[in-house]
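Start at 1 with the first residue, then count along the sequence.
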Amino acid sequence: MLCIVCSMANCKKLRLKDAALKRLLSVVVVTLLGVLLLIVSLRTNTTPGLSELDEDLSEITDIQSFSEKLNLPKQNEFSIRLAKINQMPPRNRDLYPKLAKDHITIVLYVHNRPQYLQVVVKSLSKVVGISETLLIVSHDGYFEEMNKIVEGIKFCQVKQIFAPYSPHVFPDSFPGVSSNDCKEKDDAGKKHCVGSPDQYGNHRSPRIVSLKHHWWWMMNTVWDGLKETRGHNGHILFIEEDHFIYPNAYRNLQLLVSLKPIKCPDCYAANLAPCDVNLRGEGWDSLIAERMGNVGYAFNWTVWRKIHRKAKEFCFFDDYNWDITMWATVYPSFGSPVYTLRGPRTSAVHFGKCGLHQGQGQTNACIDNGSVNMQVDDIDRVANIRPEWGVHVYDNQPGYKAGFKGWGGWGDDRDRQLCLNFAQMYHSYNTSLSAVMMS
């Protein structure tokens with residue numbers, strides 16, 4: 001009987017110990033959960049959550065699957081990695097957690113001229129209001145020095161995207177150089193090579209066609225592919241690596257965008273610079289309406305839809321320049337003059353002195369003494385556009401006349417098909433390419 005009582009007492013002590021241990025474990029678990037939640041909350045601005053990352057990866061898978069249906073070039077490992085990077089969230093969200101309500105996103109598209117890029121980045125760092133917005137840098141391929149410069153940007157939210165189908169990413173296959181590609185003026189029948197020449201008998205040069213491919217891929221990706229900008233109703237500003245941006249550019253652009261529906265309702269866009277890159281403006285007390293320029297131009301999603309519907313015209317015009325293609329065939333197809341609104345003083349300047357794929361090193365730099373000495377007057381540091389101004393319209397606009405067939409460099413059927421595929425990359429597969437070609 002005594003043994004039984006003692007056993008019961010021991011059991012009671014054991015139960016008390018178990019209960020105490022359970023309470024201790026509960027406290028430890030709750031404490032650990034609290035610490036984990038604190039860590040997650042502190043990292044919210046810099047690191048995407050698991051659900052966000054899963055969503056990104058799912059989207060990438062969908063795009064890759066759709067790309068296969070569109071017969072886009074088979075991606076190599078590097079191309080796939082770049083496509084995944086494109087879905088990453090912007091950096092510097094810990095420094096600038098919120099964008100201004102009516103911000104104008106800036107897209108800077110670059111190639112491989114690091115000295116030029118340093119100039120435009122430095123000029124952007126001094127732009128009034130730059131911290132309010134998102135800067136998207138679109139790369140034509142991956143170049144380490146260019147990448148490092150962009151990674152050093154700390155003055156605003158910044159997102160990098162890389163053209164995954166750039167010729168620079170495919171060293172031994174289309175859209176890069178294939179071993180059996182025709183070269184220069186080769187006769188495909190006699191040489192048994194692959195390729196169709198342009199109107200002047202020249203076969204494709206991957207370094208040249210990449211210019212037009214990048215611009216078109218970038219436009220489709222920014223407007224229809226990125227979750228940060230797809231469906232965006234406001235204006236987006238596009239600038240290039242050889243554009244010097246004045247401190248008042250962003251504030252002037254905000255004014256132009258707000259005045260455009262009132263002062264020039266038929267204007268398609270707003271511009272920071274005259275269409276003639278050699279001019280610095282008239283200096284009048286008047287707004288200017290003229291043809292669309294290619295330095296610091298901004299338009300909205302409605303205009304993009306009009307451009308997108310002209311994919312066939314864009315992709316089949318035999319000119320490797322995206323801007324000449326737009327001026328010579330896309331804009332004229334709208335049926336009425338395409339005007340842009342700008343101020344009487346430039347807020348951006350084209351400073352490039354050589355071609356797009358030159359100037360990559362110290363020995364062949366395209367900038368005098370490795371720098372640009374751009375004069376910035378006091379009037380260029382603050383907004384200098386007045387809402388009470390009228391609009392001077394340039395009726396007789398210079399440009400490419402009817403019958404101009406392009407400068408060539410864009411005659412290969414593979415480039416034209418890839419271009420059309422970019423136009424469908426982020427749209428329902430049920431919408432056939434024939435619909436695009438017939439629009």
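No side-chain heavy atom of Phe143 sits under 4.5 Å from any side-chain heavy atom of Pro114. Counting only heavy atoms from C-beta outward, the side chains of Val150 and Leu135 never approach each other to under 4.5 Å. With a 4.5 Å cut-off on side-chain heavy atoms, Phe422 and Thr221 do not count as touching. Residues Tyr116 and Val110 are not in side-chain contact: their nearest non-hydrogen atoms beyond the backbone lie 4.5 Å or more apart. Side-chain contact between Leu272 and Leu253 is present, with at least one heavy-atom pair separated by less than 4.5 Å. Side-chain atoms of Val376 and Phe244, non-hydrogen and from C-beta on, do get closer than 4.5 Å to each other. Between Val349 and Arg280 there is a side-chain heavy-atom pair separated by less than 4.5 Å. Residues Arg91 and Ile153 fail the side-chain proximity criterion, which asks for heavy atoms closer than 4.5 Å.
At distances below 3.5 Å, at least one donor-acceptor pair connects side-chain atoms of Thr229 with backbone N or O atoms of Val222. Counting only distance, with no hydrogens or angles, the side chain of Ser347 and the backbone of Ala249 share no donor-acceptor pair below 3.5 Å. When atom types are taken as modelled, the side chain of Ser123 and the backbone of Val120 share a donor-acceptor pair closer than 3.5 angstrom. Not one N or O on the side chain of Glu313 forms a donor-acceptor pair closer than 3.5 Å with the backbone of Pro332. A donor-acceptor pair is defined here as one N or O able to donate and one able to accept, closer than 3.5 Å; no such pair exists between the side chain of Asn248 and the backbone of Asn252. Proximity of a side-chain donor or acceptor of Ser196 to a complementary backbone N or O of Gly411 within less than 3.5 Å is detected. Using modelled atom types, no side-chain atom of Lys185 and backbone atom of Pro197 make a donor-acceptor pair closer than 3.5 Å. Counting only distance, with no hydrogens or angles, the side chain of Asp186 and the backbone of Ala188 share no donor-acceptor pair below 3.5 Å. Asn76 contributes a side-chain N or O that, together with a main-chain N or O of Val169, makes up a donor-acceptor pair within less than 3.5 Å.
Pro164 approaches Gln75 most closely through the heavy-atom pair CB-NE2, 3.9 Å. Smallest separation of non-hydrogen atoms from Ile288 and Gly343: CG1-O, 4.1 Å. Across every non-hydrogen atom of Ser258 and Ile262, the tightest pair is O-CD1, 4.1 Å. Listed here is the closest heavy atom pair of Lys260 and Leu341: CA-CD2, 3.9 Å. Here the shortest heavy-atom pairing between Asn384 and Trp389 reads O-CH2, 3.2 Å. Taking every heavy atom of both residues into account, Pro206 and Val177 meet most closely at CG-CG2, 3.5 Å.
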Derivation of the side-chain hydrogen bond (donor to acceptor under 3.5 Å, both in side chains) call for His111 and Glu241: CA-CA 8 Å; His111 305 278; Glu241 66 190 19; 5.6 Å; no

Steps toward side-chain contact (heavy atoms from CB on, under 4.5 Å) verdict (Gln417, Asn421): CA-CA 6 Å; Gln417 186 60 50; Asn421 287 343; 3.2 Å; yes

Ser166/Trp217 under side-chain contact (heavy atoms from CB on, under 4.5 Å): CA gap, chis, key distance, verdict: CA-CA 9 Å; Ser166 167; Trp217 172 86; over 6 Å; no

Stepwise side-chain hydrogen bond (donor to acceptor under 3.5 Å, both in side chains) check, Lys212 with Asn321: CA-CA 6 Å; Lys212 190 168 176 176; Asn321 299 283; over 6 Å; no

Test log, rule side-chain contact (heavy atoms from CB on, under 4.5 Å), inputs Phe170 and Lys74: CA-CA 10 Å; Phe170 292 80; Lys74 181 176 176 59; over 6 Å; no

side-chain contact (heavy atoms from CB on, under 4.5 Å) assessment of Trp322 paired with His214: CA-CA 9 Å; Trp322 68 265; His214 179 210; over 6 Å; no

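Below 30°, between 30° and 60°, or above 60°: for Phe299 and Tyr297 the angle between ring planes is below 30°, a parallel geometry. A tilted orientation is assigned to the rings of His308 and His427, their planes being inclined by 30° to 60°.
One side chain, Tyr142 or Asn147, offers a donor N or O that lies under 3.5 Å from an acceptor on the other. Side-chain N/O atoms of Tyr165 and Ser79 include no donor and acceptor closer than 3.5 Å.
Around atom CZ of Arg81, no more than 12 heavy atoms belonging to other residues, nucleotides or ligands sit under 6.0 Å away. Remark: Tyr320 OH is loosely packed, at most 12 non-hydrogen atoms of other residues, nucleotides or ligands lying under 6.0 Å away. The 12-atom threshold is exceeded at CH2 of Trp304, counting heavy atoms of other residues, nucleotides or ligands nearer than 6.0 Å. Remark: Glu77 CD is loosely packed, at most 12 non-hydrogen atoms of other residues, nucleotides or ligands lying under 6.0 Å away. Annotation: Trp301, atom CH2; neighbour count of heavy atoms from other residues, nucleotides and ligands within 6.0 Å does not exceed 12.
For the disulfide (SG to SG under 2.5 Å) condition, the pairs that include at least one residue of residues 184-250, sequence neighbours left out, are Cys182-Cys193. For residues 327-341, the side-chain hydrogen bond (donor to acceptor under 3.5 Å, both in side chains) pairs, not counting sequence neighbours, are Asn271-Thr340. Legend: salt bridge (charged side-chain N to carboxylate O under 4.0 Å, His left out) pairs involving residues 152-163, not counting sequence neighbours, sorted by first then second residue: Lys159-Glu228. For residues 235-270, the set of pairs meeting the disulfide (SG to SG under 2.5 Å) definition, not counting sequence neighbours, comprises Cys264-Cys267. Among residues at least two apart or in separate chains, there is no disulfide (SG to SG under 2.5 Å) pair with a member in residues 93-174. Residues in residues 317-346 take part in these salt bridge (charged side-chain N to carboxylate O under 4.0 Å, His left out) pairs, two or more places apart or across chains: Glu282-Arg342, Glu290-Arg342, Arg345-Asp377, Arg345-Asp380. Residue pairs satisfying the salt bridge (charged side-chain N to carboxylate O under 4.0 Å, His left out) criterion with at least one member in residues 402-425, sequence neighbours excluded, are listed as follows: Asp181-Arg414, Arg204-Asp415, Asp412-Arg414.
Checked against the 6.0 Å centroid threshold, Phe155 and Tyr96 do not count as a close aromatic pair.
In terms of the side chain to side chain contact (heavy atoms under 4.5 Å, CB included) criterion, residue partners of Ser205 (sequence neighbours excluded) are, by chain and number, Arg207, Ile208. Applying the ring-ring contact (aromatic ring centres under 6.0 Å, His included) test to Trp284 and every residue at least two apart in sequence or in another chain returns His392. With sequence neighbours left out, Val277 forms a side chain to side chain contact (heavy atoms under 4.5 Å, CB included) with Asn294, Val295, His350. Every side chain to side chain contact (heavy atoms under 4.5 Å, CB included) that Lys263 has, sequence neighbours left out, goes to Leu259, Leu287, Val391. Listed by chain and number, the residues in a side chain to side chain contact (heavy atoms under 4.5 Å, CB included) with Tyr250 are His103, Ile104, Ile106, Val127, Glu132, Thr133, Gln254 (sequence neighbours excluded).
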